[in-house]
Amino acid sequence: MDHRAERARNRLHAEPAPARIIEVGEIAAGIAVPEPGGVRFFSSNRDFDPLDGAVFRSVEQAARAARDRFRHRIGARLGRRQAV
């Protein structure tokens with residue numbers, strides 16, 4: 001076996017998973033960056049700043065939190081418009 005194949009089998013030298021962009025609709029909410037134990041969310045839009053720095057078990061969990069945050073923000077904005 002050549003040294004590259006052997007190295008690929010060694011988990012210490014495995015390529016890290018790429019960062020993933022999380023979009024909610026057409027809005028880029030942020031990125032999920034892999035780290036030990038899950039992914040860390042970095043917001044790219046002020047609406048998602050409360051999630052900035054949070055660690056999630058998976059990209060899917062981070063995306064779900066971003067969608068929930070978006071629904072909450074839209075609901076709050078609609079509620080303010082109706083109250084005016």
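The shown structure was predicted, so the numbers you read here are calculated from the model rather than taken from an experiment.
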Novice: What I'd like to find out is whether the side chain of Ile31 reaches to under 4.5 Å of the side chain of Arg20, using heavy atoms alone.
Specialist: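 Counting from C-beta outward, Ile31 and Arg20 never come under 4.5 Å.
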
Novice: Provide the closest heavy-atom pair for Ser44 versus Ala28 in the form atom of the first, atom of the second, distance.
Specialist: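 Nearest heavy atoms, Ser44 then Ala28: OG-O, 2.8 Å.
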
Novice: Where do Ala29 and Ala66 come nearest, in terms of heavy atoms and distance?
Specialist: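 Between these two residues, the closest heavy atoms are CB-CB, 4.1 Å.
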
Novice: Just wondering, do Ser43 and Asp49 contact through their side chains at under 4.5 Å, heavy atoms?
Specialist: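 Yes, side chains in contact.
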
Novice: Do Ile27 and Phe48 have side-chain heavy atoms sitting under 4.5 Å apart?
Specialist: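 Contact flag for Ile27/Phe48 side chains = yes.
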
Novice: Write out all pairs satisfying side chain to side chain donor-acceptor pair (under 3.5 Å) with one or both partners inside residues 28-40, taking only residues at least two apart or from two chains.
Specialist: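 Sorted pair list: Glu35-Arg40.
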
Novice: Which heavy-atom pair separates Ala19 from Val33 by the least distance, and what is that distance?
Specialist: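 Heavy-atom minimum between the residues: CB-CG2, 4.1 Å.
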
Novice: Could you list the residues that satisfy side chain to side chain donor-acceptor pair (under 3.5 Å) with Asp68, not counting sequence neighbours?
Specialist: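 In terms of side chain to side chain donor-acceptor pair (under 3.5 Å), with neighbours along the sequence ignored, Asp68 is linked to Arg71.
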
Novice: Calculate, to the nearest 0.5 Å, the distance between atoms CG and CD1 belonging to Asn45 and Ile22 respectively.
Specialist: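 With rounding to 0.5 Å, CG (Asn45) is 13.0 Å from CD1 (Ile22).
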
Novice: Indicate if Phe70 and Phe41 have the same hydrophobic cluster label, given that clusters are the connected sets of ILVMFWY residues with side-chain heavy-atom separations under 4.5 angstrom.
Specialist: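 Result: yes, single cluster for both.
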
Novice: What pairs with Gln61 under side chain to side chain donor-acceptor pair (under 3.5 Å), at least two apart in sequence or on another chain?
Specialist: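 So Gln61 forms no side chain to side chain donor-acceptor pair (under 3.5 Å) with any residue.
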
Novice: Under 4.5 Å between side-chain heavy atoms, counting indirect links through other Ile/Leu/Val/Met/Phe/Trp/Tyr residues: same cluster for Val24 and Ile21 or not?
Specialist: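 Result: no, two separate clusters.
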
Novice: If you compare all heavy atoms of Arg69 against all heavy atoms of Pro50, which two are closest, and at what distance to 0.1 Å?
Specialist: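 Minimum heavy-atom contact is NH2-CG, 3.3 Å.
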
Novice: Check whether any side-chain heavy atom of Val55 sits under 4.5 Å from a side-chain heavy atom of Val39, and report yes or no.
Specialist: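 The answer is no; the side chains never approach within 4.5 Å.
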
